[in-house]
Asker: 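Attaching a single structure in structure tokens format; questions to follow.
Order of the sequence lines sets the chain letters (A, B, ...), proteins ahead of strands, with each chain counted from 1. Not measured: the values here are computed from a predicted model.
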There are 2 protein chains.
Amino acid sequence: MSRNPDNPYSKLERIFHEPARLIIMSQLLGTVDGVTFTDLRDACGLTDGNLSRHLATLERAKAIRIDKSFAGHRPQTTVCLSQQGRDDFMAYLQALEAVLLDAADKVAARQGRPASLRSLFGPRLARA
Amino acid sequence: MSRNPDNPYSKLERIFHEPARLIIMSQLLGTVDGVTFTDLRDACGLTDGNLSRHLATLERAKAIRIDKSFAGHRPQTTVCLSQQGRDDFMAYLQALEAVLLDAADKVAARQGRPASLRSLFGPRLARA
DNA sequence: ACAAAGGACTTTGCGGTGCAAAGCAAAAAA
DNA sequence: TTTTTTGCTTTGCACCGCAAAGTCCTTTGT
């Protein structure tokens, strides 16, 4: 990875390339006003400790904002995607797509047929 | 990730989810008779040490076979995708695709337009 | 009023791993 | 013969994901 850092794989930002953070970011992608800690935990199927740690990591990278307030008398943490986080994550997703297309090409070439994501990965792309 | 292990993200096999191994497997996907250590190293842009370690990991997972022979008087390591490795990696790629589609849906929903991978990630998918 | 239970997180400990640098053995070059 | 190059493997360390434990407050019995 170090010798030619201009391939699509080198753009796979480590910060997002972790399954737990991938799912966190995907959840946040669908929101406008952020999500509470507990909702996010349940939606992602993560343990409290895990989510806490990953959120800290994402906050350090300025991908999210973490607002602490109260709901009634209980503490309530709200997680919100930052604009930079949204932009960076979209860039990461595009890099992922490039990786996928590259692999699809390889398989197609080996089988001597034209590259076709649909026939490689099934009919789901028909929706696009 | 531990609470509901039935989401597409939980299928992102760690063994393949490492950028270096992702590129290694993608390279192998295009081959029939395997690749030499040095060719693979150059194609992937990895250092010797790095490639060696990742190959050992992939071999332990039975994703590849490593054949050692001689070319003339020099040692020559040939790396070959196993059938299981090919199958498992294809499954991983499908999981990746599901993640991508999920994210695309989230973005589309937030913007109030129908899900469309093409418009999210650019025109490259038009080839499919 | 007091104790026990529950909620909302955070911190700790550790096993695993990616990476670069160093090491090694054989062959080719000088 | 000494040096350099080739073709790898091993070592060391710093980082990191994860589960378990801990903290602090609130609510619910009794």
Asker: C:dA26 P sits how many Å from B:His73 NE2, rounded?
Answerer: 14 Å
Asker: Between protein and nucleic acid, restricted to nucleotides 10-16 of chain C and to nitrogen or oxygen atoms under 3.5 Å apart, what atom pairs and distances do you find?
Answerer:
residue: C:dT10; atom: OP1; partner: A:Lys68; partner atom: NZ; Å: 2.9
residue: C:dT10; atom: OP2; partner: A:Ser52; partner atom: OG; Å: 2.8
residue: C:dT10; atom: O4; partner: A:Gly49; partner atom: N; Å: 3.4
residue: C:dT12; atom: O4; partner: A:Arg53; partner atom: NE; Å: 3.4
residue: C:dG13; atom: O6; partner: A:Arg53; partner atom: NH2; Å: 3.3

Asker: Should A:Leu28 and A:Leu58 be marked as a side chain to side chain contact (heavy atoms under 4.5 Å, CB included) after you check the CA-CA gap, both sets of side-chain angles, and the distance that decides it?
Answerer: CA-CA 12 Å; A:Leu28 291 175; A:Leu58 288 170; 5.6 Å; no
Asker: What is the distance, rounded to the nearest whole Å, between atom CZ of A:Arg74 and atom C1' of D:dT27?
Answerer: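 Answer to the nearest Å: 7 Å.
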Asker: Using residues 69-82 of chain B as the side-chain source, report each donor-acceptor pair under 3.5 Å to any protein atom, sequence neighbours left out, with the distance given to one decimal.
Answerer:
residue: B:Thr77; atom: OG1; partner: B:Lys68; partner atom: NZ; Å: 3.2
residue: B:Ser82; atom: OG; partner: B:Lys62; partner atom: O; Å: 2.8
residue: B:Ser82; atom: OG; partner: B:Ala63; partner atom: O; Å: 3.1
residue: B:Ser82; atom: OG; partner: B:Gly85; partner atom: N; Å: 2.8

Asker: Has A:Arg21 got a side-chain N or O lying under 4.0 Å from the OP1 or OP2 atom of D:dG17?
Answerer: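 The answer is yes; a side-chain N or O of A:Arg21 sits under 4.0 Å from OP1 or OP2.
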Asker: So B:Arg41 and B:Asp48, do their side chains get closer than 4.5 Å, heavy atoms only?
Answerer: yes
Asker: B:Leu46 CG to D:dT9 P: how many Å, rounded?
Answerer: 14 Å
Asker: A:Leu55 CG to C:dC9 P: how many Å, rounded?
Answerer: 10 Å
Asker: Look up atom CG in A:Leu55 and atom CD1 in A:Ile66, then write down how far apart they are to the nearest 0.5 Å.
Answerer: 5.0 Å
Asker: Is there a side-chain contact between B:Arg110 and A:Thr31, using heavy atoms and a 4.5 Å cut-off?
Answerer: no
Asker: Consider side-chain contact (heavy atoms from CB on, under 4.5 Å). Of B:Met90, B:Gln83, B:Gln84, which one does B:Asp87 pass it with?
Answerer: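 Exactly one option meets the side-chain contact (heavy atoms from CB on, under 4.5 Å) with B:Asp87, and it is B:Gln83.
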Asker: Would you kindly give the CZ-to-C1' distance between A:Arg41 and D:dC18, to the nearest whole Å?
Answerer: 16 Å
Asker: Taking only the side-chain nitrogens and oxygens of B:His54, find out if one of them lies under 4.0 Å from OP1 or OP2 of C:dC19.
Answerer: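 Yes, because at least one side-chain N or O of B:His54 sits under 4.0 Å from OP1 or OP2 of C:dC19.
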Asker: Figure out the NE2/P separation between B:His17 and D:dC16, and round it to whole Å.
Answerer: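 Rounded to whole Å, this separation is 15 Å.
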Asker: Whole angstrom is fine here: how far is it from CD in A:Glu13 over to P in C:dG18?
Answerer: 18 Å
Asker: Students often mix this up, so state it plainly: with edges at 30° and 60°, are the rings of A:Phe16 and A:Phe89 parallel, tilted or perpendicular?
Answerer: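 Geometry flag for A:Phe89 against A:Phe16: perpendicular rings.
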Asker: Within this structure, what is the CG-to-C1' distance between A:Leu58 and D:dG17, rounded to whole angstrom?
Answerer: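 Rounding to the nearest Å, CG of A:Leu58 and C1' of D:dG17 are 13 Å apart.
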Asker: Please compare B:Arg14 and A:Thr78 by the position of their nearest nucleotide in DNA chain C and report the one closer to 5'.
Answerer: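 In this pair, the answer is A:Thr78.
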